[in-house]
There are 2 protein chains.
Amino acid sequence: MDSQKKKYSELTDCLCTSIRKSARNISQKYNEHLKQSGEKINANQVSILVTLSQIENKTISELSNQLKMERTTLTRNLKILDKSGWIKTNYGLDGRMKFSKLSKNGKQVLDKILPHWKKAQNQTKKLLGEDLQLFQQNLKKLTL
Amino acid sequence: MDSQKKKYSELTDCLCTSIRKSARNISQKYNEHLKQSGEKINANQVSILVTLSQIENKTISELSNQLKMERTTLTRNLKILDKSGWIKTNYGLDGRMKFSKLSKNGKQVLDKILPHWKKAQNQTKKLLGEDLQLFQQNLKKLTL
DNA sequence: ATATATTAAGTGTATATACACATAATTTCA
DNA sequence: TGAAATTATGTGTATATACACTTAATATAT
């Protein structure tokens, strides 16, 4: 049944598969570095904390747009960050809206993981070499 | 507290964050197309079925290496494919080993989703334009 | 002013992911 | 040959992800 192999060979070139594969692999590498900090935090959680450090007073919906993360996914991720004490959440004047912001602990954890994140980032940059800029541009194209 | 924004601005350029973001976004797009097939299958499941169509008689551990997917993750993903009737699993002569292969239903579902996958793939390729080849190469670099 | 529509966020369910640990089969070696 | 080491896989737990549906608050329109 080698005709089967040929028949589906086109599907082996799937961009979605490749991107997911890379995402798994890179995430693990970043997480290994982050673990060295002694903090129980992962790359995804860092990315949300960093987003909150840059833009405050945004609703969950707005944040989810920024992160290209499904709103309900973000809701659950925020819950964990809250439980860990890295963010504080308050309701707005409009009682439907919720606003989260970095807590003191959240800032401290970012300070602590920064050098380890840098190692992961530099290691990854090295893999891409001079293609770095273009690669980042192309990733961006895929998030529109 | 705008010093905070500056302080953590370096972290906004995280490659792990960008790749995960793209992975989420592209996965959703592929899944929307796959949904049009009427089959209850997603891009990740397709990628495993396709892998099985290309390489049979591989253990779960070997497959997990191929897919750069944690072995225990793959175990659970295979369980769902089995439940859906798209793969068949047997033990090897070495009683520890398990081998999965595409079932008749599995092949049929690949046949059925193929045109929808193509639409998703072409749409994604279009976003990348002439950078496609290089982008694929760079993704590969990140899975080593 | 109140019924209706809209909007923001949460919940139920299912799958994806991975680490730490457990189990079972086989291999190795004394 | 039988104990110890190795190997292949599974399970417990926690987080990530997203779709369908729900709830609660606000805005709108008559």
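Reminder, nothing fancy here: chain letters follow the sequence lines and each chain counts from 1.
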Taking DNA chain C as the partner, which of residues 29-36 of chain A come within under 4.0 angstrom of it by heavy atom?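 Output list: Lys35(A).
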
Please confirm whether any donor atom in the side chain of Arg96(A) sits under 3.5 Å from an acceptor in the base of dA9(C), or the reverse.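 Donor-acceptor pair under 3.5 Å: no.
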
Examine the base of dG10(C) for any acceptor or donor lying under 3.5 Å from a partner atom in the side chain of Arg76(A), and report the outcome as yes or no.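 Such a pair does not exist between side chain and base.
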
Taking only N and O in the side chain of [X], is any of them less than 4.0 Å away from OP1 or OP2 of [N]?
{"X": "Thr73(B)", "N": "dA18(C)", "answer": "yes"}
{"X": "Lys98(B)", "N": "dG10(D)", "answer": "yes"}
{"X": "Gln28(A)", "N": "dA18(C)", "answer": "yes"}
{"X": "Arg20(B)", "N": "dT17(D)", "answer": "yes"}
{"X": "Thr72(B)", "N": "dT9(D)", "answer": "no"}
{"X": "Asn44(B)", "N": "dT15(C)", "answer": "no"}
{"X": "Ser61(B)", "N": "dT9(D)", "answer": "yes"}

Between Ser27(A) and Asp94(A), which is nearer to the 5' end of DNA chain C once each is assigned its nearest nucleotide?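 Its nucleotide being nearer the 5' end, the pick is Asp94(A).
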
Salt-bridge present (Lys7(A), Asp111(B); N to O < 4.0 Å):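 Salt bridge present between Lys7(A) and Asp111(B).
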
Salt-bridged, Lys5(B) to Glu56(A), with N to O below 4.0 Å?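 Result for this pair is no, no salt bridge flagged.
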
I'd like a table of donor-acceptor pairs (distance under 3.5 Å, sequence neighbours excluded) in which one partner is a side-chain atom from residues 99-106 of chain B, with atom names and distances.
unit_1    : atom_1 : unit_2    : atom_2 : d
Ser100(B) : OG     : Thr89(B)  : OG1    : 3.0
Ser103(B) : OG     : Gly85(B)  : O      : 2.6
Ser103(B) : OG     : Trp86(B)  : O      : 3.1
Ser103(B) : OG     : Asn105(B) : N      : 3.3
Ser103(B) : OG     : Gly106(B) : N      : 3.1

With the side chain of Ile80(A) defined as its heavy atoms from C-beta on, choose the nearest nucleotide among dT15(D), dT17(C), dA16(C).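 That would be dT15(D).
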
Would you classify Leu93(A) as touching base, sugar-phosphate or nothing, given that sugar-phosphate means primed atoms plus P, OP1 and OP2, and contacts are heavy atoms under 4.0 Å?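 Here Leu93(A) touches the backbone only, sparing every base.
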
